[in-house]
Structures are given as structure tokens and as C-alpha cells.
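Here's a structure for you.
Bear in mind that the values here come from a model prediction, so they are computed numbers and not experimental data.
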Amino acid sequence: MPPGGGEPVRINLSARLAELGADLCLKLPDLAHIDSRRILFALGRSRAAGTHGTYARIAPLRFSAGSQEVTRRRGRFRETYRMPALVHEGREILYLIHILVPRFLRLTFEEKLRTLIHELYHISVRCDGDIRRFSGRNFAHGSSRRAYNRHIDTLADRYLAAAPDPLLLDWLHLGEEEWLQQKVRLTGLSVPLPRPILIARSRL
């Protein structure tokens with residue numbers, strides 16, 4: 001119970017993220033290829049101090065080009081791995097996005113929105129379970145992380161300029177202090193990251 005009495009405000013963060021994520025994909029042409037029903041938002045824990053570090057992370061649930069299996073050489077063996085299917089409420093999930101609490105709450109309203117867009121922009125243009133791959137060694141963010149972030153800033157500004165429903169955004173004003181004072185209670189899905197399963201192994 002929060003100081004001074006009264007019941008804390010309950011927020012289902014997974015549900016709110018899913019609503020906002022769907023609207024971002026609807027309003028932003030750069031995200032229009034995304035089937036938001038294939039994304040699942042879950043809560044992760046991180047109490048790491050400071051402002052630098054990870055606030056959210058996306059896990060693609062397929063290998064390159066959307067393949068469910070991959071074969072790799074490992075020492076004297078050739079091994080084939082299969083990614084297990086993750087099904088939620090009857091639909092197969094291709095991307096799992098973890099929001100790290102309470103670290104995420106330390107971000108400003110704008111930073112929270114940009115963080116969410118940043119993770120969504122990682123989704124492959126085919127939305128096939130793979131990530132968007134840039135040329136070069138840094139295939140996740142391209143040759144310039146700064147340029148990647150500038151583009152994300154542009155998308156966030158464009159979304160806000162489209163005057164989205166304020167009810168989709170109100171929870172982004174929530175801060176860590178309100179959570180620590182138990183003025184709000186966050187709930188959401190807890191989903192462990194699926195791991196590839198070894199299905200075949202042969203000696204070279």
C-alpha cells in the first residue's frame with residue numbers, strides 16, 4: 001500500500017506495451033511491415049544503477065531469413081539447431097521484447113517512446129522472425145549507431161506529430177519513484193527466452 005493509504009494504481013505493462021506497439025506499427029510507415037500480433041512484450045528485471053546500459057531488448061525467434069533451423073560446424077561436428085515455437089493465446093510469436101524494470105522507468109517520456117521504437121525497428125522488413133540486417137560488421141545497427149538513433153528520433157517525432165491517443169501514452173510518464181513509493185503496481189508477462197534445441201549432430 002502506498003504511503004498515506006489508498007490502493008496503488010495497477011498497470012498491466014505487457015498489455016499497454018502491446019497497445020502502443022500496435023499503434024506505432026499502424027501510424028509509422030517505417031514499421032508498417034510489422035504484424036504486431038507476432039510480438040510479445042514481457043517484463044524483465046534490472047536494478048543496475050546508472051543511466052547507461054540496456055533498458056529493453058528484442059529477441060528474434062527465428063534464425064537468418066526466418067528459418068526455424070540452422071546448421072553450424074562446431075569443432076569436429078556438424079550440428080543442427082531448431083528454435084522452439086513460442087505460442088501465446090493461440091498465435092505463434094516471432095519476436096519477444098523484454099522491458100527491463102525498474103531501469104526502464106528511469107527514462108523520460110520521450111526516451112521511453114524512442115526505446116520502444118528502437119526495438120521495433122530491429123524487426124526484419126519481412127517480419128519473419130529475423131532481425132533487420134544492415135550491411136557490414138555491425139548488422140544490427142548499421143555503420144553508425146548515431147545515425148540509427150537519429151532515425152529513431154525522427155520516427156518518434158513523426159509519431160507524436162500525428163497526435164496519437166493520449167491514453168496510449170499516459171503510462172510513459174510513470175517514473176521509478178512512483179513505483180518505489182508503491183503508488184503503482186506493475187504487472188505483466190514473465191517469459192523466459194526460448195533457447196535453440198539441438199536436433200541433429202554428425203561427425204565431420
Side-chain angles (χ1 to χ4, degrees), residues 11-28 30-48 53-70 72 80-107 111-134 138-142 145 148-149 152 155-156 159 168-169 171-172 174 179 186-199:
I11 298 177
N12 184 328
L13 211 51
S14 291
R16 301 303 301 273
L17 284 160
E19 292 170 353
L20 179 54
D23 199 56
L24 286 164
C25 296
L26 184 67
K27 301 276 178 54
L28 291 174
D30 290 54
L31 304 180
H33 61 283
I34 298 174
D35 181 353
S36 60
R37 296 169 301 173
R38 301 290 192 163
I39 306 170
L40 191 63
F41 291 92
L43 304 191
R45 280 280 187 178
S46 177
R47 294 180 180 272
T54 303
Y55 294 92
R57 56 179 171 241
I58 185 169
L61 301 183
R62 292 289 183 273
F63 297 107
S64 178
S67 174
Q68 195 166 3
E69 297 180 6
V70 67
R72 297 170 176 154
T80 299
Y81 291 85
R82 177 180 295 160
M83 187 64 81
L86 175 61
V87 177
H88 179 73
E89 295 181 345
R91 66 184 191 280
E92 186 172 1
I93 302 301
L94 296 178
Y95 299 92
L96 180 59
I97 297 179
H98 279 105
I99 297 297
L100 304 183
V101 176
R103 277 184 61 79
F104 184 78
L105 302 178
R106 296 173 192 160
L107 299 173
E111 289 169 337
K112 291 186 184 83
L113 181 62
R114 287 198 293 266
T115 297
L116 181 55
I117 296 174
H118 181 117
E119 299 308 319
L120 292 172
Y121 195 68
H122 277 305
I123 292 177
S124 156
V125 294
R126 293 177 298 277
C127 193
D128 56 4
D130 193 10
I131 63 168
R132 183 191 299 264
R133 295 176 184 269
F134 294 88
N138 189 356
F139 62 86
H141 294 98
R145 178 72 174 255
Y148 184 100
N149 288 334
I152 299 303
L155 295 182
Y159 179 70
L168 290 170
L169 301 169
W171 65 274
L172 294 179
L174 172 66
W179 178 74
L186 301 179
T187 62
L189 299 172
S190 176
V191 184
L193 185 64
R195 300 292 183 185
I197 299 170
L198 178 64
I199 59 172

- [ ] Measure the spacing between CZ of Phe63 and CG of Asp130 and express it to the nearest 0.5 Å.
- [x]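 Separation between the atoms: 10.5 Å.
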TODO: Tell me, please, which residues at least two apart from Thr80 pass side chain to side chain donor-acceptor pair (under 3.5 Å).
DONE: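 Thr80: side chain to side chain donor-acceptor pair (under 3.5 Å) contacts with Thr71.
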Open item on the list: Please find the pair of heavy atoms, one from Leu96 and one from Pro194, that lie closest to each other, and give the distance.
Closed with: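 Minimum heavy-atom separation between Leu96 and Pro194: CD2-CD, 4.0 Å.
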Task: Exam field: side chain Lys112 to backbone Trp171, donor-acceptor pair closer than 3.5 Å - done: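 Side chain of Lys112 to backbone of Trp171, a donor-acceptor pair under 3.5 Å: no, none is there.
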Open item on the list: If I take atom SG from residue Cys25 and atom CG from residue Asp30, how far apart are they, to the nearest 0.5 angstrom?
Closed with: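 Rounded to the nearest 0.5 Å, the SG-CG separation comes out at 11.0 Å.
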TODO: Return the minimal non-hydrogen interatomic distance between Pro60 and Ile131, and the atom names on each side.
DONE: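 Looking at all heavy atoms of both residues, the shortest contact is CG-CG2, 3.4 Å.
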Task: Partner residues of Tyr159 under the ring-ring contact (aromatic ring centres under 6.0 Å, His included) criterion, sequence neighbours left out - done: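 ring-ring contact (aromatic ring centres under 6.0 Å, His included) check on Tyr159 returns nothing, list empty.
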Open item on the list: Just checking Arg82: does its CZ atom have more than 12 heavy atoms from other residues, nucleotides or ligands closer to it than 6.0 angstrom?
Closed with: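 Check fails, neighbour count at 12 or below.
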Task: Pairwise side-chain contact, Leu186 with Phe104, heavy-atom cut-off 4.5 Å (strictly under) - done: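 Contact flag for Leu186/Phe104 side chains = no.
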- [ ] Would you mind reporting whether Leu24 and Leu113 have side-chain heavy atoms less than 4.5 Å apart?
- [x]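 The answer is yes; the side chains approach within 4.5 Å.
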Open item on the list: Is the shortest side-chain heavy-atom distance between Leu172 and Leu20 below 4.5 Å?
Closed with: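 Heavy-atom side-chain distance check passes, below 4.5 Å.
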TODO: Over all heavy atoms of both residues, which pair between Ile97 and Glu119 is shortest? Give the atoms and the distance, please.
DONE: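 Result for this residue pair: CD1-CB, 4.2 Å.
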- [ ] Write down the atom of Cys127, the atom of His33, and the distance for their closest heavy-atom approach.
- [x]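 Scanning both residues completely, I find the closest heavy atoms to be CB-O, 3.5 Å.
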Open item on the list: Within the structure provided, determine whether Ser64 and Val70 are in side-chain contact (heavy-atom separation under 4.5 Å).
Closed with: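 The answer is no; the side chains never approach within 4.5 Å.
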Task: Parallel, tilted or perpendicular, as decided by the 30° and 60° cut-offs, for the rings of His122 and Tyr148 - done: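 Aromatic pair Tyr148/His122 classed parallel.
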Task: Where Asn12 and Gly188 come nearest, the two heavy atoms and their spacing - done: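 Heavy atoms only, the tightest pair is OD1-CA, 3.9 Å.
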Show every donor-acceptor pair shorter than 3.5 Å between a side-chain atom in residues 83-94 and any protein atom, with sequence neighbours excluded, or say none if there are none.
unit_1	atom_1	unit_2	atom_2	d
Arg91	NE	Arg37	O	2.6
Glu92	OE2	Arg62	NH2	2.2

Task: Listed partners of Glu111 passing side chain to side chain donor-acceptor pair (under 3.5 Å), at least two apart - done: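 Here the qualifying residues are Thr108.
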Task: Side-chain touch Leu100/Tyr55, heavy atoms, less than 4.5 angstrom - done: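 With C-beta onward as the side chain, the pair stays apart.
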- [ ] Would you mind reporting whether Tyr95 and Leu120 have side-chain heavy atoms less than 4.5 Å apart?
- [x]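 No, every pair of side-chain atoms sits at 4.5 Å or beyond.
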Open item on the list: Restricting to salt bridge (Lys or Arg N to Asp or Glu O under 4.0 Å), what partner residues turn up for Arg126, sequence neighbours left out?
Closed with: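 Salt bridge (Lys or Arg N to Asp or Glu O under 4.0 Å) list for Arg126, sorted by chain: Asp128.
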Task: Beyond-backbone contact of His141 with His118, side-chain heavy atoms, under 4.5 angstrom - done: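 Contact flag for His141/His118 side chains = yes.
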- [ ] Kindly write out the residues that satisfy salt bridge (Lys or Arg N to Asp or Glu O under 4.0 Å) with Arg16, not counting sequence neighbours, or none if the list is empty.
- [x]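 Checked Arg16 against salt bridge (Lys or Arg N to Asp or Glu O under 4.0 Å); matches are Glu19, Asp170.
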Open item on the list: How close do Arg114 and Ile152 get, counting heavy atoms only, and between which atoms?
Closed with: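 The pair with the smallest heavy-atom distance is O-CG2, 3.5 Å.
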Open item on the list: Quick check for you: to the nearest 0.5 Å, what is the distance between Ser36 atom OG and Phe41 atom CZ?
Closed with: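 Answer rounded to 0.5 Å: 8.5 Å.
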Open item on the list: Nearest 0.5 Å, please: how far is CG in Leu13 from CG in Leu43?
Closed with: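 It comes to 5.0 Å.
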Task: Tyr121 and Leu31, any side-chain heavy atoms less than 4.5 Å apart - done: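 Yes; the side chains approach each other to less than 4.5 Å.
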